[in-house]
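Just so we're on the same page: letters track the sequence lines, and every chain starts at 1. This is a predicted model, so every value here is computed, not measured.
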Number of protein chains: 2
Amino acid sequence: MTAQARSSKPGPRRTLTESAIMEAALDLLDEGGVTAASVRGIAGRVGVAPNAVYTYFPDKAAVVKAIVEHLLGQVDLAVFSDRNVPWRQRIESLALELRGRLTAHPGAVNLMIGGPMDGPRALALNEHLMETLRDSGLDAGEAARASYLLIVYVFGSIALETAELGDKPGASSEDERIAARLKGFSAIPAAGYPLSAGATAVMATYVSTRQYTWGLHRILDGIAGE
Amino acid sequence: MTAQARSSKPGPRRTLTESAIMEAALDLLDEGGVTAASVRGIAGRVGVAPNAVYTYFPDKAAVVKAIVEHLLGQVDLAVFSDRNVPWRQRIESLALELRGRLTAHPGAVNLMIGGPMDGPRALALNEHLMETLRDSGLDAGEAARASYLLIVYVFGSIALETAELGDKPGASSEDERIAARLKGFSAIPAAGYPLSAGATAVMATYVSTRQYTWGLHRILDGIAGE
DNA sequence: GCCTATTTCTGTACGGTGTACAAACTGTAC
DNA sequence: GTACAGTTTGTACACCGTACAGAAATAGGC
């Protein structure tokens with residue numbers, strides 16, 4: 001409200017910002033998984049004492065929360081609000097976009113599962129999903145349940161797929177993740193792994209976008225076909 | 001092979017067993033969540049020095065793994081192998097049984113998500129799911145994908161539902177968990193929460209078995225209806 | 001009977017974590 | 001120049017998982 005609002009505060013030239021901390025944390029998360037993203041590690045990467053972080057965030061959980069919200073914020077919800085596009089296609093786009101954004105940072109996804117997803121971005125995403133489901137002709141109750149189902153599927157699959165690999169650095173692309181997942185499943189033929197008979201094959205399919213999309217279609221079939 | 005195989009080893013009278021450690025850990029998990037289930041806490045509950053645990057388990061991860069396998073072992077797979085029962089009904093029973101067993105120990109479920117589920121019991125469960133899906137008339141590839149979808153749903157929903165509450169003690173029954181979940185969502189009317197319009201309502205539905213079953217039916221509809 | 005081998009448990013310690021507290025520093029405003 | 005306020009650091013605490021050496025206790029061989 002006062003006229004003289006600018007960068008005119010006492011104190012030393014600040015070498016730290018919220019975004020610098022978040023970037024460093026996300027880098028560490030991508031490189032070394034959840035174990036690498038310690039407060040000391042974050043501060044060290046920015047070249048600062050560990051406690052300096054607490055000037056900008058009340059605790060480590062707040063840093064995590066900010067990163068999660070940042071990632072969810074990269075999903076442009078406006079694109080999926082076009083009511084000329086059929087609702088199934090809108091949901092599918094959203095699910096694939098979300099998967100793409102989040103599996104690029106497996107370590108961050110691992111952190112999501114631990115804490116509550118109750119930030120503004122997470123709630124907005126939920127809200128949008130509800131809105132789209134309303135266009136499907138479902139009543140409010142069914143739309144709420146379908147939203148639950150879809151959220152479980154989208155986040156559940158990402159969670160299960162990245163949980164095992166979240167702590168291992170360097171497995172960012174889908175191919176690398178599939179390779180890492182297949183390692184240790186000797187019963188699986190090198191090529192065409194989804195067709196193997198045993199449970200090991202199922203474990204291996206966890207990481208394939210193809211399976212993900214198939215499952216999404218089956219869910220949408222189930223929702224629409226009633 | 002030798003005839004004199006009995007309890008005839010030197011050493012002091014053991015006050016510790018694998019199962020005593022696992023029981024103490026599970027108790028702490030139920031009471032105080034993952035943070036309470038520390039090695040020091042486990043040992044303290046049994047009345048022993050922390051390092052004594054390492055006589056029976058190589059590390060803490062092994063304790064967790066043993067607990068997970070123990071819980072999965074409580075699910076009697078033989079009951080679901082009756083081929084006279086329709087495959088959909090068999091899968092539904094399995095999913096509900098699993099949910100019941102696991103949501104009784106939210107803290108343990110939280111631990112499951114972190115580590116790989118590659119123990120004998122987990123693989124057997126997978127195998128059984130595959131087998132049942134084969135009876136549905138799907139080919140091997142589709143059965144594998146459907147298995148993926150179902151595993152994601154069953155474990156994903158449990159994971160998402162219990163992640164937030166896993167660290168909070170005393171929320172073991174479904175009613176308590178719903179109450180805890182609803183706390184903080186002021187926009188939700190006290191009764192009939194699934195019908196509220198906003199995303200908060202969807203968040204609240206996470207904990208209801210009704211939603212869980214509804215989603216399961218929609219998935220089975222999607223799988224069967226093609 | 002003692003002696004010895006073997007197993008279980010304890011004492012202590014190391015490096016790691018998140019974080020609280022007070023002091024030191026660095027800049028702006030008067 | 002002096003006072004003030006915001007930023008960063010030094011130090012410390014309680015906790016974590018766990019490695020290592022030694023003590024306690026019991027079995028079998030003589």
After noting the C-alpha distance and the side-chain angles of L150(B) and L133(B), does the key distance pass the side-chain contact (heavy atoms from CB on, under 4.5 Å) rule? CA-CA 10 Å; L150(B) 283 165; L133(B) 281 169; 4.2 Å; yes

Within-4.5 Å side-chain heavy-atom neighbours: V154(B) and R99(B): no

Heavy-atom distance under 4.5 Å between the side chains of L98(A) and L125(A), does that happen here? yes

R45(A) with E31(A): basic N within carboxylate O range, under 4.0 Å: yes

So CG of L149(A) and OG of S157(B): to nearest 0.5 Å the spacing works out to 9.5 Å

salt_bridge(R101(B), E97(B)) N-O dist < 4.0 Å: yes

Would you give a per-nucleotide map of nucleotides 12-17 of chain C, 5' to 3', where B means the base has a protein non-hydrogen atom under 4.0 Å away, S means only the sugar-phosphate does, and - means neither? BB---B

Any side-chain heavy atom of L16(A) sitting closer than 4.5 Å to one from T55(A)? no

Find out whether Y56(B) and R14(B) are in side-chain contact, i.e. whether some heavy atom of one side chain is under 4.5 Å from a heavy atom of the other. yes

Does the Y153(A) side chain pair with the main chain of Y212(A), one donor and one acceptor, at a distance under 3.5 Å? yes

Would you mind telling me which of dT9(D), dG17(D), dT10(C) lies closest to the side-chain atoms of Y54(B)? dG17(D)

Interface polar pairs with nucleotides 3-8 of chain C, N/O, under 3.5 angstrom:
residue: dT7(C); atom: O4'; partner: P10(B); partner atom: O; Å: 3.4

Going by heavy atoms closer than 4.0 Å, what residues in residues 17-26 of chain B are next to DNA chain C? none

Within-4.5 Å side-chain heavy-atom neighbours: L94(B) and V75(B): yes

Give the rounded distance in Å between these two atoms: CD1 of I42(A) and C1' of dG18(C). 11 Å

